[in-house]
Amino acid sequence: MTALLTGVTSCSNYLDVRPQGQLDQEASALDPATAQKLVVGVYNTMWEGDMHGFAYVQMTNIASDDADKGSNPTDDSPNSGALDNLTMDASVNTLNSIWRLFFLGVSRANQALASLDASTLDATMKNQLMGEVRFLRAYFYFDLIRFFGGVPKIDRVITPQEANSAAFQTKASVDEIYALIIGDLEYALANVATKGAPNSADGRVSKGAAAGMLAKVMLYRQNWQRAFSLTDSIITQKVGTYGLLDDYFEIWREAGANSKESLFEVQTGINSACEAAIANYAECQAPRAGGKFGWADLGWGFGTPSQSLVDEYDDGDRREAATIIFINPNGTFLWDGFRVPGRDSVENARYNYKSYHSQTAESNCGNRGRLPKNLRILRYGEILLIHAEAALALGNPGAAITDINALHPRAGLGPVGSVTRESIWHERRVELAMEHDRFFDLIRQDALSPGRAAAAFAAHGKTFAAKNKVFPIPQRQIDLGGGNLKQNDGYN
């Protein structure tokens, strides 16, 4: 059975199995190999369209205080500009892109689960594959609820007639969606393989990924004990072998993909169609030509690291140079030898280094819009930070100090002798900068320290209102729902 699984989930097959759309439920239920390919198709949904592409960058980094819109002043102002300024309304196109694609992921997960449930696979393997898909469904819903708050709960395959009914167009409560997320992750934790086991593979959901994602959800739910115990099981290597890479900069390079620091990342690569990559993810954030001197630019220049982020770093913190490309007056050489001519040659003074993918020193198929850069979703550095915050909340500052001091050597910083909740939050920002979680972090932290989000955005030169704790429901979805799907409070 292991050989069968490896045959359909090796790296090459991850790339060759297209994201699954129209499914014949009855046929796939009778064909174990097809059922397994459907699982791979759910994984590959994560590099389809804008799920993790430009729209994702807009609604995470650009909407937060980690980044400015970037590019030139007028480029995509109605969408990126509105999100950057927190002036978006329900008509912003980006909102619908994110809603549609994450719910597409939910739909495909439900279809794969239905096929697996009816398949003739060995029970152990069936449970493992269902655990992987339920992890993915939980991940899709975790982002949906962080973006929009309460959303429709769709936990099975529904008919076209049901899709148009009030039952599936009405928002479920936040608590109901979190119950679904937690149930899926608990199932995954009990059934998926340990990283490095014979029936595991790079990019597959592992027990460490399930434990880490569940711990992150528990952090949001302020279940400190469970967040602590889950991360402790990872740190003490009860669910796989994980650790910090020695070189922080290497985490986001091709050489750092699926390393010991990685718990879960979106897999990319090169296939015959040159499509196995997150569309425009690297390109939309790469340096953009402008100013006095023309040159062959690398991308669109969106999501530029903010002054607020620059100010957050302590002197000597090596993570700053690994996170931010600073364009010097006389030019800047990137790690692969590419030279950006100088400040007068680009639209912006700073760019995101973590999203950079070399077109000369890393694998690619010549399509700048489909550079195969894996997106790190969950890594060991964050596990230490969740562990630290939970430990402090439980009255165990010693464990929190140990966690922060584990992060400091590679950052070039000395040990700390004490921690506070605010110092852990500071550490979280600089360790995870530009990794798409800062906006959500501020909203979560604001619930513990009211006014924190407003103060952070004020320091960023933006005004944060209570309604901005979630994004508006896309007007397109409200219209499709025939009035059953209600807009979030404060938005027209």
Side-chain angles (χ1 to χ4, degrees), residues 64-67 212 215-216 219 224 227-228 231-232 234-237 241-253 255-256 259-263 305-326 328 332 335 350 352-354 356 376 378-438 441-442 444-445 448-449 452 455-456 459-460:
S64 79
D65 62 339
D66 265 5
K216 188 167 182 173
L219 185 74
W224 307 114
F228 179 85
T231 49
D232 201 61
I234 298 168
I235 293 167
T236 57
Q237 301 183 347
T241 301
Y242 300 94
L244 297 172
L245 287 181
D246 292 336
D247 186 352
Y248 182 84
F249 183 84
E250 191 176 69
I251 297 171
W252 296 274
R253 306 284 73 82
S259 70
K260 66 179 181 179
E261 182 138 355
S262 175
L263 278 80
S306 67
Q307 186 62 50
S308 168
L309 177 59
V310 173
D311 294 342
E312 187 82 18
Y313 288 97
D314 296 322
D315 291 343
D317 192 333
R318 295 172 188 155
R319 292 172 292 194
E320 181 180 37
T323 302
I324 304 172
I325 298 172
F326 290 93
N328 299 317
T332 295
W335 71 268
R350 297 181 290 270
N352 183 2
Y353 223 153
K354 290 180 178 178
Y356 178 71
R376 282 61 168 168
L378 189 64
R379 61 182 181 84
Y380 188 74
E382 184 173 9
I383 297 303
L384 290 173
L385 289 162
I386 295 172
H387 190 261
E389 190 169 341
L392 187 65
L394 293 169
N396 186 0
I401 291 168
T402 298
D403 294 328
I404 301 305
N405 284 337
L407 293 168
H408 272 203
R410 72 176 181 184
L413 301 176
V416 300
S418 63
V419 293
T420 64
R421 186 173 62 184
E422 286 70 25
S423 72
I424 293 172
W425 288 346
H426 158 76
E427 195 71 29
R428 187 173 177 88
R429 186 180 191 190
V430 293
E431 175 68 24
L432 304 176
M434 304 297 289
E435 294 183 41
H436 309 290
D437 249 9
R438 172 64 176 174
D441 260 346
L442 282 174
R444 177 183 68 82
Q445 293 164 10
L448 295 164
S449 180
R452 178 170 174 79
H460 181 51

*Minimum-distance pair of heavy atoms, taken over all atoms of L245 and S259*: CD1-OG, 3.6 Å

*asked:* Contact between Y353 and M434 at the side-chain level, heavy atoms closer than 4.5 Å - yes or no?
replied: no

*Find the distance between OG1 (T231) and CG (L384) and round it off to the nearest 0.5 Å.*
8.5 Å

*Do E382 and D437 touch side chain to side chain, with heavy atoms closer than 4.5 Å?*
yes

*Do Q307 and R350 touch side chain to side chain, with heavy atoms closer than 4.5 Å?*
yes

*Kindly compute the distance separating NZ (K354) from CZ (R253), expressed to the nearest 0.5 Å.*
10.5 Å

_Inter-residue atom distance E435.CD - I251.CD1, 0.5 Å rounding_ = 7.0 Å

_Candidate list R319, R379, R438, R376, test side chain to side chain contact (heavy atoms under 4.5 Å, CB included), partner L432, passing option_ = R379

*Verify whether one side chain among R429 and S308 offers a donor that lies under 3.5 Å from an acceptor in the other.*
yes

*Quick one: are K260 and Y242 in side-chain contact, heavy atoms under 4.5 Å?*
no

_All pairs passing salt bridge (Lys or Arg N to Asp or Glu O under 4.0 Å) where residues 407-421 contributes a residue, at least two apart_ = E261-R410, R410-E431

In residues 385-401, what donor-acceptor pairs under 3.5 Å come from side-chain atoms, sequence neighbours left out?
from: H387; atom 1: ND1; to: D403; atom 2: OD1; distance (Å): 3.3
from: H387; atom 1: ND1; to: D403; atom 2: OD2; distance (Å): 2.6
from: H387; atom 1: NE2; to: D232; atom 2: OD1; distance (Å): 2.9
from: E389; atom 1: OE1; to: W425; atom 2: NE1; distance (Å): 3.4
from: E389; atom 1: OE1; to: R444; atom 2: NH2; distance (Å): 3.2
from: E389; atom 1: OE2; to: W425; atom 2: NE1; distance (Å): 3.0
from: E389; atom 1: OE2; to: R444; atom 2: NH1; distance (Å): 2.8
from: N396; atom 1: OD1; to: A399; atom 2: N; distance (Å): 3.3

*Of the non-hydrogen atoms in P305 and N352, which two are nearest, and what is the gap between them?*
CD-N, 3.7 Å

*Test item: F249 and T323 side chains (from C-beta on) under 4.5 Å apart, heavy atoms*: no

*CG/D315 to CG/L413 distance, rounded to the nearest 0.5 angstrom?*
9.5 Å

*With a 4.5 Å limit on heavy-atom distance, are the side chains of V416 and N405 in contact?*
yes

*Is it true that a side-chain atom of T332 and a backbone atom of N328 form a donor plus acceptor pair closer than 3.5 Å?*
yes

_Measuring from atom CG of L309 to atom NE2 of H460, what distance do you get when rounded to the nearest 0.5 angstrom?_
10.0 Å

_The single option from I404, D314, V419, T420 passing side chain to side chain contact (heavy atoms under 4.5 Å, CB included) against H426_ = D314

*Starting at NZ of K216, measure out to CG of L378 and round the result to the nearest 0.5 Å.*
6.0 Å

*Identify the heavy atoms of A322 and Y248 that sit nearest to each other, and give their distance.*
CB-CD2, 3.6 Å

*Which pair of heavy atoms, one from A255 and one from E250, lies closest together, and at what distance?*
CB-OE2, 4.2 Å

